[in-house]
There are 2 protein chains.
Amino acid sequence: MLSKKAKYGLQAIIYLAKEEKKNKGPIQIAELAKHEKIPKKFLEIILLEMRKQGILHSKLGAGGGYSLGKPADKITIGQIVRLLDGPLAQVSCLSKIAYHKCDECKDEKTCEIRKIMKKVHDSTARILDGTTLSDAVKGKINF
Amino acid sequence: MLSKKAKYGLQAIIYLAKEEKKNKGPIQIAELAKHEKIPKKFLEIILLEMRKQGILHSKLGAGGGYSLGKPADKITIGQIVRLLDGPLAQVSCLSKIAYHKCDECKDEKTCEIRKIMKKVHDSTARILDGTTLSDAVKGKINF
DNA sequence: TTTTATTCTATTAGATAAATAGATTTAATC
DNA sequence: GATTAAATCTATTTATCTAATAGAATAAAA
């Protein structure tokens, strides 16, 4: 399951990407929170994390607010989810951003759990890293 | 990430499936715990949950222990993971075993997060529900 | 009736999730 | 320069979940 943090973060950045097109300058946390029904204080924390990773850009003071930190087609859903919820991998021995040998594991090469979860991880990463914010906003995702 | 519970559960049931072939009768928790390096008391809880769902069978008293509750080719990895870790779905509005409308969601049909996560969920479910314990034991999983 | 094993009841320490409160800093505008 | 609008920083809180442990009860075989 996605945490609320990741879900709120995705909602917020998708909204930002949509508004960006209208060229109305930065969007305030208050507006984002109201429109997406997200607790304002919690959203602050989430946006700040995304800004620190360069995915968002902020402007202080009056007339300030948040905007995308880079073009929507350079931001993938995978980046956002990893940033807010940690590794996509089901077992740490499969994670690229946080590799860690499993304690109980005797041999990674023959571990059946690892083999199955590698398939899951690869397909998940392919989807999430292959979908950009731009795709989401354009409604390019079909099912 | 898989919880330790799910990981221990998978380790244990894979071990049981392998031992089953040798026709030596039920395996004791103590043996399982020792062989797979799992805290014994924690493993008790896990095995009991699996037994209550019919995936395992237990025999009380001396000479007792655990064995598979049905043939290894009738037990999928998906069943085990759902049983121990809950729904595979990233958002509750996609779960079959625990559907629940998202609080903030205005329209499921047009929700971009849902569309992306549906792809992830479908591919994950296809892999995990399409792999049986028997496949795992036979080393049929290739990558 | 002793031994071996699962099962049940209860509890706990620690981590994480989700949120809230209040003070501070920065910058535009009046 | 004062006011206002905004993000930022520090801190705290509550609830829930994870992982594990302890001990008594029950069941069955030898």
Side-chain angles (χ1 to χ4, degrees), chain A residues 1-12 16 24-34 36-53 55-69 81 83-87 90-92 98 102-104, chain B residues 1-12 16 24-34 36-53 55-69 81 83-87 90-92 98 102-104:
Chain A
M1 285 275 174
L2 279 183
S3 68
K4 291 210 167 190
K5 192 175 179 182
K7 211 166 150 194
Y8 290 159
L10 285 169
Q11 285 177 247
L16 279 178
K24 290 191 297 189
I27 311 288
Q28 290 77 51
I29 296 177
E31 180 184 336
L32 270 167
K34 193 179 174 196
E36 297 296 322
K37 294 180 193 156
I38 301 170
K40 184 168 173 262
K41 278 288 182 180
F42 192 22
L43 183 57
E44 281 182 18
I45 296 167
I46 298 168
L47 295 175
L48 201 55
E49 278 186 44
M50 293 202 273
R51 198 221 62 186
K52 282 178 180 165
Q53 295 290 323
I55 286 180
L56 293 183
H57 175 255
S58 69
K59 188 162 181 275
L60 281 176
Y66 276 93
S67 51
L68 297 183
V81 173
L83 171 61
L84 297 172
D85 267 359
Q90 285 71 23
V91 278
S92 57
C102 302
D103 299 334
E104 334 74 31
Chain B
M1 283 276 174
L2 281 184
S3 68
K4 289 209 169 192
K5 193 175 178 182
K7 210 165 152 195
Y8 289 160
L10 285 169
Q11 285 177 248
L16 279 177
K24 291 191 296 188
I27 311 288
Q28 290 77 51
I29 296 178
E31 179 183 336
L32 270 167
K34 192 179 174 193
E36 297 296 321
K37 294 180 193 158
I38 301 170
K40 185 168 172 262
K41 278 287 182 180
F42 192 23
L43 183 56
E44 281 182 19
I45 296 168
I46 298 168
L47 295 175
L48 201 55
E49 279 186 44
M50 294 202 272
R51 198 222 61 188
K52 281 177 179 165
Q53 294 291 323
I55 286 179
L56 293 184
H57 176 256
S58 69
K59 189 161 181 274
L60 283 174
Y66 277 92
S67 51
L68 297 183
V81 173
L83 171 61
L84 297 173
D85 267 359
Q90 284 71 26
V91 278
S92 57
C102 301
D103 299 334
E104 336 73 29

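Below, each value reflects all heavy atoms present in this structure, side chains not excepted, and no hydrogens, waters or symmetry copies. Each chain gets a letter, A, B and so on, in the order its sequence line appears, and its residues count up from 1.
Between the CE atom of A/M1 and the C1' atom of C/dA17 there is a distance of 15 Å, given to the nearest Å. Between B/E44 atom CD and D/dA22 atom P the separation is 12 Å, expressed in whole Å.
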- Note on the structure: Per-nucleotide protein contact along nucleotides 13-21 of chain D, 5' to 3', at a 4.0 Å heavy-atom cut-off (B base, S sugar-phosphate only, - neither), is ------SSB

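Using a 4.0 Å cut-off between charged side-chain N and carboxylate O, A/K34 and A/E31 make no salt bridge.
For the atom pair CD1 (A/I38) and CD (A/E44), the distance works out to 12.5 Å, reported to the nearest 0.5 Å. To the nearest 0.5 Å, atom CG of residue B/L56 and atom OG of residue B/S67 are 8.0 Å apart.
Across residues 57-65 of chain A, A/S58, A/K59, A/L60, A/G61, A/A62, A/G65 each have a non-hydrogen atom less than 4.0 Å from an atom of DNA chain D (numbered order).
For A/Y66 against A/L16, the heavy-atom pair with the smallest separation is O-CD2, 3.4 Å. Taking every heavy atom of both residues into account, A/P26 and A/Q28 meet most closely at O-NE2, 3.4 Å. The two atoms that bring A/A12 and A/L47 nearest to each other are CB-CD2, 4.2 Å, heavy atoms only.
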Give the table of side-chain donor-acceptor pairs shorter than 3.5 Å for residues 2-11 of chain A, with sequence neighbours excluded, one pair per line with atom names and distance.
| unit_1 | atom_1 | unit_2 | atom_2 | d |
| --- | --- | --- | --- | --- |
| A/S3 | OG | A/K5 | N | 3.4 |
| A/S3 | OG | A/A6 | N | 3.1 |
| A/S3 | OG | A/D85 | OD1 | 2.4 |
| A/S3 | OG | A/D85 | OD2 | 3.4 |
| A/K5 | NZ | A/E49 | OE2 | 2.8 |
| A/Q11 | NE2 | A/E36 | O | 3.3 |
| A/Q11 | NE2 | A/E36 | OE1 | 3.2 |

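Residues B/M50 and B/I46 meet the side-chain proximity criterion, which asks for heavy atoms closer than 4.5 Å.
Here B/K52 lies in heavy-atom contact (under 4.0 Å) with sugar-phosphate atoms only.
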